[in-house]
Structure formats: structure tokens, C-alpha cells
Protein chains: 2
Amino acid sequence: MKTITQLFKSLSDPTRIRIIWILQFGGELCVCDLMAVLELPQSTVSRHLAYLRNAGLVDDQRKGVWMYYRLPEHVNDIIAEILAVVRLTGKDSEQAAMDQHRLKAYLREKRAGTC
Amino acid sequence: MKTITQLFKSLSDPTRIRIIWILQFGGELCVCDLMAVLELPQSTVSRHLAYLRNAGLVDDQRKGVWMYYRLPEHVNDIIAEILAVVRLTGKDSEQAAMDQHRLKAYLREKRAGTC
DNA sequence: TCACTGTATCCGCATAAGCAAATATTGCAA
DNA sequence: TTGCAATATTTGCTTATGCGGATACAGTGA
């Protein structure tokens with residue numbers, strides 16, 4: 001019961017929905033990538049990621065100093081369904097399109113080796 | 001964007017999840033039916049129903065003094081998917097089973113003509 | 001019209017959640 | 001080990017949300 005409401009609560013914030021849209025589009029990204037796309041301070045992004053991690057909606061993996069986040073690959077039916085719904089909502093979202101555009105531009109200019 | 005987060009926010013409360021489970025099981029019910037099953041005061045139940053109505057997750061219909069609530073029949077893909085997810089979560093929920101049991105007992109004793 | 005019942009909304013309060021700066025932690029390299 | 005960069009967590013503040021009693025509104029019947 002608490003798990004389910006926690007799951008929905010973690011999706012009831014626009015920033016967290018945006019993070020999932022961005023990860024669905026961009027695959028694996030580190031915190032500073034997300035900071036650039038979301039245009040939000042580090043502590044804010046990190047806290048939202050912790051929220052999503054606790055709900056089982058993202059996986060994290062440390063690579064040196066960088067923490068990379070991505071959507072989980074092996075999930076139960078409920079989370080899979082929910083991620084499908086979120087993807088559906090992103091299809092005709094202006095915000096999702098803007099974030100995808102900003103991510104593409106950011107990745108194009110990003111130099112190798114930097115975060 | 002706001003619509004989506006509002007949708008998830010309306011599902012981030014245990015009482016509202018319970019209401020949807022109860023309606024999935026019991027069909028069309030009025031506010032006092034739900035008060036009996038949820039064991040919550042009228043103002044609380046009504047407010048949660050308003051939340052769900054605004055999110056498009058329940059339909060209401062007045063019949064005399066009574067307001068009947070049920071799940072919407074014709075919904076878009078997103079709401080249909082979300083209701084399916086909620087149903088899925090109810091399958092192995094002890095709370096859902098308890099509420100179903102209480103609803104059955106309540107309907108058995110309820111006299112015709114009373115709310 | 002008036003009284004009554006069922007439901008919706010308002011109000012004040014308590015709790016929860018978001019924000020961003022500050023601080024702590026982690027891992028790498030010198 | 002020391003210093004630095006990336007990230008996580010803490011802190012203090014502000015805002016949002018839930019609660020239930022009180023009140024307002026709507027429909028029915030006398």
C-alpha cells in the first residue's frame with residue numbers, strides 16, 4: 001500500500017517526470033548532464049533522483065566520481081506499466097520536446113572526459 | 001504537464017487508491033456507501049472524490065439527493081493504462097481485500113431505499 | 001414555503017514536501 | 001596523505017496538502 005502511493009507520489013512532481021522523460025530519450029546520464037538539461041541546481045537534481053531511486057524508478061551506477069542514472073532494465077509489471085504510461089504522456093508534451101532538444105545540444109558540445 | 005502530475009498526485013494518497021479499488025470491485029456507489037467502507041467522515045470522503053473527479057479518474061451522477069460515483073467508461077489511453085495499473089496493485093493488497101469484504105457485508109445489510 | 005437529508009466546500013490547524021545554500025561524503029590523482 | 005571535483009545529505013525556510021468540524025448548497029416531500 002505504502003509502496004504504491006510512494007510510487008505515484010514520486011511521479012507527482014514535474015521535475016521528476018521530466019527526469020524520466022529525459023532518461024527515456026537519453027539513456028544513461030550523470031547528475032551534471034541532468035543539471036544542464038533541467039537547468040536546476042545540483043542539490044535539487046540530486047534530491048529528485050534520490051526520490052526516484054527509492055521508488056525503484058531509476059537505477060544508479062557509480063563510474064569514478066560520476067554517478068550515472070538510467071531507467072531500470074528488469075522491473076516488475078507495475079513499474080513497467082507505469083514507465084510506459086509516463087512515456088505515453090511525453091509524446092505530446094512541449095516540455096519533453098524542449099528537454100530533448102536541450103539534451104541533444106548539450107551532448108553535441110560536451111567534450112569527452114568531462115563529466 | 002500539469003495534467004499528468006495532477007493525475008499522479010491524485011493517486012499518491014492511500015484513501016484515494018482505496019476508493020478506486022472499491023469502485024473497481026463495487027461498481028457504482030454513493031458517498032455514504034464509501035463512508036461506510038472507508039470508515040471516514042463525510043467531508044474527508046467527499047474531498048477525496050472531488051480530487052479524483054478533477055483528475056478524470058471517476059465520474060459522478062446525481063440521483064435525487066444521492067451522488068453516485070463510478071470509474072469512467074470512456075477514457076483516453078493514459079487514464080485507461082493508469083486504472084489498469086491501480087487494479088494490478090490491488091491484486092495482492094491486504095487493504096483491498098479488507099475493503100472488498102467490508103463492502104460486501106455492508107451491501108448485504110443495506111436496506112433498499114436508504115442511501 | 002419549510003424542514004430534512006445527502007453532499008460539497010470552507011476554515012484553521014498540523015504535517016509533509018519542495019527549494020537552494022551549506023556541509024558532508026566519495027573517489028581520483030598528485 | 002592532501003587537495004580537488006562530483007555527488008549526497010543536512011538545514012532552515014516557505015508552500016502545499018491532509019484532516020475533520022462547521023457551514024453552505026441541492027434535492028425531496030410535506
Side-chain angles (χ1 to χ4, degrees), chain A residues 1-2 4-20 22-23 28-55 57-70 106 110-115, chain B residues 1-2 4-20 22-23 28-55 57-70 106 110-115:
Chain A
M1 184 80 196
K2 194 184 171 188
I4 309 142
T5 50
Q6 187 200 1
L7 196 54
F8 285 122
K9 187 168 294 184
S10 68
L11 292 166
S12 70
D13 181 276
T15 302
R16 294 197 286 268
I17 291 282
R18 286 175 68 198
I19 289 175
I20 294 185
I22 293 166
L23 291 179
E28 192 174 58
L29 298 171
C30 73
V31 176
C32 55
D33 296 334
L34 289 166
M35 285 169 60
V37 179
L38 295 166
E39 297 177 312
L40 289 171
Q42 180 267 326
S43 67
T44 299
V45 174
S46 188
R47 190 169 28 77
H48 283 300
L49 285 167
Y51 229 120
L52 292 171
R53 190 192 329 122
N54 290 334
L57 287 166
V58 301
D59 276 353
D60 58 348
Q61 188 185 1
R62 183 175 280 281
K63 293 184 181 177
V65 260
W66 297 296
M67 286 291 281
Y68 280 83
Y69 287 86
R70 56 185 153 71
Y106 167 79
K110 182 179 162 182
R111 279 167 297 167
T114 71
C115 143
Chain B
M1 184 79 200
K2 194 184 172 187
I4 309 141
T5 51
Q6 186 198 4
L7 196 54
F8 285 121
K9 188 168 294 185
S10 69
L11 293 166
S12 69
D13 180 278
T15 301
R16 294 195 287 266
I17 290 283
R18 287 175 68 198
I19 289 176
I20 293 184
I22 292 166
L23 292 178
E28 192 175 58
L29 298 171
C30 74
V31 177
C32 56
D33 296 334
L34 289 166
M35 284 170 61
V37 179
L38 294 166
E39 296 177 313
L40 288 172
Q42 181 266 326
S43 67
T44 299
V45 175
S46 188
R47 190 165 27 77
H48 283 300
L49 285 167
Y51 231 120
L52 291 172
R53 189 191 332 120
N54 290 335
L57 287 166
V58 301
D59 275 354
D60 58 348
Q61 188 185 1
R62 183 176 280 282
K63 293 185 182 177
V65 259
W66 296 297
M67 285 293 281
Y68 280 84
Y69 286 87
R70 57 184 154 71
Y106 167 79
K110 182 178 163 184
R111 280 168 297 169
T114 71
C115 141

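When all heavy atoms of B/Val37 and B/Ile22 are compared, the closest pair comes out as CG1-CD1, 3.6 Å. Here the closest heavy-atom approach between residue B/Ser10 and residue B/Tyr51 is recorded as CB-CD2, 4.1 Å. Annotation for B/Arg16 and B/Ser12: closest pair NH2-OG, 4.4 Å, computed over non-hydrogen atoms.
Tested against B/Asp33, the residues B/Trp66, B/Tyr69, B/Tyr106 include a single side-chain contact (heavy atoms from CB on, under 4.5 Å) partner, B/Tyr106.
Across all strands, A/Arg47 comes closer than 4.0 Å to base atoms (heavy-atom distances).
Contacts of residues 38-45 of chain A with DNA chain C (heavy atom under 4.0 Å): A/Pro41, A/Ser43, A/Thr44.
Place A/Ser12 and A/Lys63 on DNA chain C by their nearest nucleotides, and A/Ser12 ends up nearer the 5' end.
When rounded to the nearest whole Å, the span between CG of B/Leu52 and C1' of D/dT17 equals 15 Å. If you take CG of A/Leu29 and P of D/dT7, they are 11 Å apart, rounded to a whole angstrom. When the C1' atom of D/dG29 is taken as reference, atom CH2 of B/Trp66 falls 12 Å away, rounded to whole Å. Straight-line distance from the OH atom of A/Tyr68 to the C1' atom of C/dT26: 16 Å, rounded to whole Å. A/Met67 places its CE atom 12 Å from the P atom of C/dT26, with the value rounded to the nearest Å. Atom CE in A/Met35 sits about 11 Å away from atom P in C/dA21, given to the nearest Å. Between the CD atom of B/Gln61 and the P atom of C/dG6 there is a distance of 19 Å, given to the nearest Å. Going from atom CZ of B/Arg62 over to atom C1' of C/dT5 covers 11 Å, rounded to whole Å.
No side-chain heavy atom of B/Leu40 sits under 4.5 Å from any side-chain heavy atom of B/Met35. With a 4.5 Å cut-off on side-chain heavy atoms, A/Leu49 and A/Asp60 do not count as touching. Contact of the B/Leu11 side chain with the A/Thr5 side chain is not registered, since no non-hydrogen atoms from C-beta on lie closer than 4.5 Å.
If you take CG on B/Asp13 and CZ on B/Arg18, they are separated by 10.0 Å, rounding to the nearest 0.5 Å.
Counting only heavy atoms from C-beta on, B/His48 has its side chain closest to D/dG18 among D/dG18, D/dA8, D/dT7.
Scanning for side chain to side chain contact (heavy atoms under 4.5 Å, CB included) contacts around A/Arg70 gives A/Glu28, A/Asp59, A/Gln61, A/Glu73, with sequence neighbours left out.
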I'd like a table of atom pairs between the protein and nucleotides 14-17 of chain C - only N or O on both sides, under 3.5 Å - with the distance next to each one.
unit_1 : atom_1 : unit_2 : atom_2 : d
C/dA17 : OP1    : A/Lys9 : NZ     : 3.2

